[in-house]
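On a predicted model such as this, the values are computed, not experimentally measured, just so you know. As a basis for the values below, the full set of heavy atoms in this structure was taken, side chains included, without hydrogen atoms, waters or symmetry mates. Sequence positions, counted from 1, serve as the residue numbers for this chain.
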Amino acid sequence: MQEAGAEYVRVMKVEKLGREPIHFTLEPDEDQRADLAKRLNIVEIPFLKASGELVRQEKSSRIELSAEFEAETVQSCVLTLAPVPQKIEQSFTMCYTFNSADATLEDAEYVVGLEEEDLPELIENGEIDVVQAVAEQLALALDPYPRAEDADKSDSAKYVQQSEETSEAEEQETHRPFANLKELMERK
């Protein structure tokens with residue numbers, strides 16, 4: 001295990017992982033949470049706690065990371081830039097492989113469906129960064145369009161609404177390909 005200065009990481013050596021799982025717990029301090037917030041481009045992470053384990057799958061050389069985390073985050077409102085807090089509790093599983101062929105698609109045009117398993121992540125240098133795994137899952141759990149409670153009453157919201165109404169009206173005026181069809185049919 002290793003934690004390094006400026007960028008918060010916790011690397012787990014999994015090259016010699018046997019039958020016994022490796023357990024981990026993350027409780028980042030204020031500087032580490034600030035680093036994660038900067039990495040995720042959000043205002044703040046006042047609280048984050050994660051725990052999980054790394055297990056080698058029996059019939060393959062793959063490593064499975066199972067974890068759960070609780071987080072309190074603060075993002076900027078998309079309309080007013082006011083702080084918007086969010087509480088997140090989530091569990092997840094990720095799969096890793098030592099074989100680079102397992103981590104890539106042979107057919108570049110193949111589209112992975114939502115119900116299909118994700119491709120395993122490639123293990124580099126025999127190490128897995130569990131902070132990166134939690135950060136990716138936290139990023140996926142964040143509200144993509146956070147709005148403050150009174151955001152709809154703001155001047156920004158009114159401007160956005162007027163812009164949307166104007167563009168919809170312009171779109172209706174310009175996209176009427178059969179508007180004169182009835183007149184043309186009646187002339188014949």
Side-chain angles (χ1 to χ4, degrees), residues 1-76 83-146:
M1 288 189 283
Q2 172 187 353
E3 290 189 40
E7 188 169 311
Y8 179 40
V9 296
R10 180 176 282 175
V11 175
M12 310 296 273
K13 301 263 186 206
V14 294
E15 207 164 27
K16 295 179 181 175
L17 179 64
R19 292 181 178 207
E20 293 297 316
I22 298 174
H23 298 277
F24 64 90
T25 301
L26 302 175
E27 293 186 53
D29 62 24
E30 187 175 340
D31 291 339
Q32 293 165 331
R33 290 192 312 270
D35 177 62
L36 280 175
K38 184 178 177 185
R39 199 184 310 178
L40 298 175
N41 199 23
I42 62 176
V43 175
E44 180 180 19
I45 302 175
F47 175 78
L48 174 63
K49 183 176 182 179
S51 62
E53 65 181 17
L54 293 156
V55 178
R56 183 178 295 270
Q57 293 180 337
E58 288 184 25
K59 296 182 180 178
S60 69
S61 62
R62 294 183 178 185
I63 307 291
E64 187 175 280
L65 183 157
S66 300
E68 57 188 32
F69 65 90
E70 295 178 52
E72 294 176 13
T73 63
V74 178
Q75 298 184 78
S76 295
V84 180
Q86 180 182 3
K87 288 187 178 182
I88 301 168
E89 286 186 42
Q90 192 163 2
S91 59
F92 67 92
T93 302
M94 294 178 69
C95 196
Y96 294 85
T97 184
F98 291 99
N99 186 352
S100 62
D102 291 346
T104 57
L105 287 174
E106 291 178 17
D107 183 4
E109 295 183 14
Y110 180 77
V111 177
V112 178
L114 291 174
E115 301 300 320
E116 295 180 56
E117 277 188 29
D118 291 336
L119 289 174
E121 300 283 330
L122 184 61
I123 299 171
E124 296 180 14
N125 303 322
E127 302 171 336
I128 295 174
D129 180 3
V130 293
V131 172
Q132 180 63 28
V134 171
E136 289 175 8
Q137 298 302 316
L138 180 59
L140 291 172
L142 289 171
D143 184 352
Y145 303 104

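In plain terms, the two heavy atoms of Leu54 and Leu17 that are nearest each other are O-CD2, 3.9 Å. Considering every non-hydrogen atom in both Pro46 and Arg33, the closest pair reads O-NE, 3.3 Å. Here the closest non-hydrogen pair linking Phe24 and Glu53 is CE2-N, 3.5 Å. Closest of all the heavy-atom pairs between Leu48 and Leu36 is CD2-CD1, 3.5 Å. Counting all heavy atoms, side chain and backbone alike, Pro146 lies closest to Ser76 at CG-O, 3.3 Å. Between Glu7 and Arg39 the shortest heavy-atom distance is CG-NH2, 3.6 Å.
Between Pro21 and His23 there is a side-chain heavy-atom pair separated by less than 4.5 Å. Phe69 has its side chain within reach of Leu138: a pair of non-hydrogen atoms, C-beta onward, lies under 4.5 Å apart. Proximity of Val84 to Val43: side-chain heavy atoms (C-beta onward) are nowhere separated by under 4.5 Å. Side chains of Phe92 and Leu65 form a contact here, defined as non-hydrogen atoms less than 4.5 Å apart. Within the 4.5 Å cutoff, the side chain of Glu44 has no heavy atoms near those of the Pro83 side chain. At least one side-chain heavy atom of Ile45 sits less than 4.5 Å from a side-chain heavy atom of Leu40.
Distance check: Ile42 CD1 to Lys38 NZ gives 14.0 Å after rounding to the nearest 0.5 Å. Rounded to the nearest 0.5 angstrom, Glu72 CD and Phe47 CZ are separated by 6.5 Å. In this structure, CZ on Phe98 lies 9.5 Å from CG on Leu122, to the nearest 0.5 angstrom. A distance of 13.5 Å separates CE of Met94 from CD1 of Ile63, quoted to the nearest 0.5 Å. Note that the CZ atom of Arg56 and the CD atom of Glu20 stand 13.0 Å from one another [nearest 0.5 Å]. In this structure, OH in Tyr96 is found 5.5 Å from CD1 in Ile128, a value given to the nearest 0.5 Å.
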Worked verdict on Leu142 versus Ile88 for side-chain contact (heavy atoms from CB on, under 4.5 Å): CA-CA 8 Å; Leu142 289 171; Ile88 301 168; 4.0 Å; yes
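Screening Lys13, Lys16, Arg10 against Glu127 for a salt bridge (Lys or Arg N to Asp or Glu O under 4.0 Å) leaves a single residue, Lys13.
Atom CG of Asp29 sits in a crowded spot, with more than 12 heavy atoms from other residues, nucleotides or ligands closer than 6.0 Å.
A donor-acceptor pair under 3.5 Å is absent between the side-chain atoms of Glu136 and the main chain of Ala133, judged by distance alone. A distance-only check finds a donor-acceptor pair linking the side chain of Gln75 to the backbone of Asp143 [under 3.5 Å].
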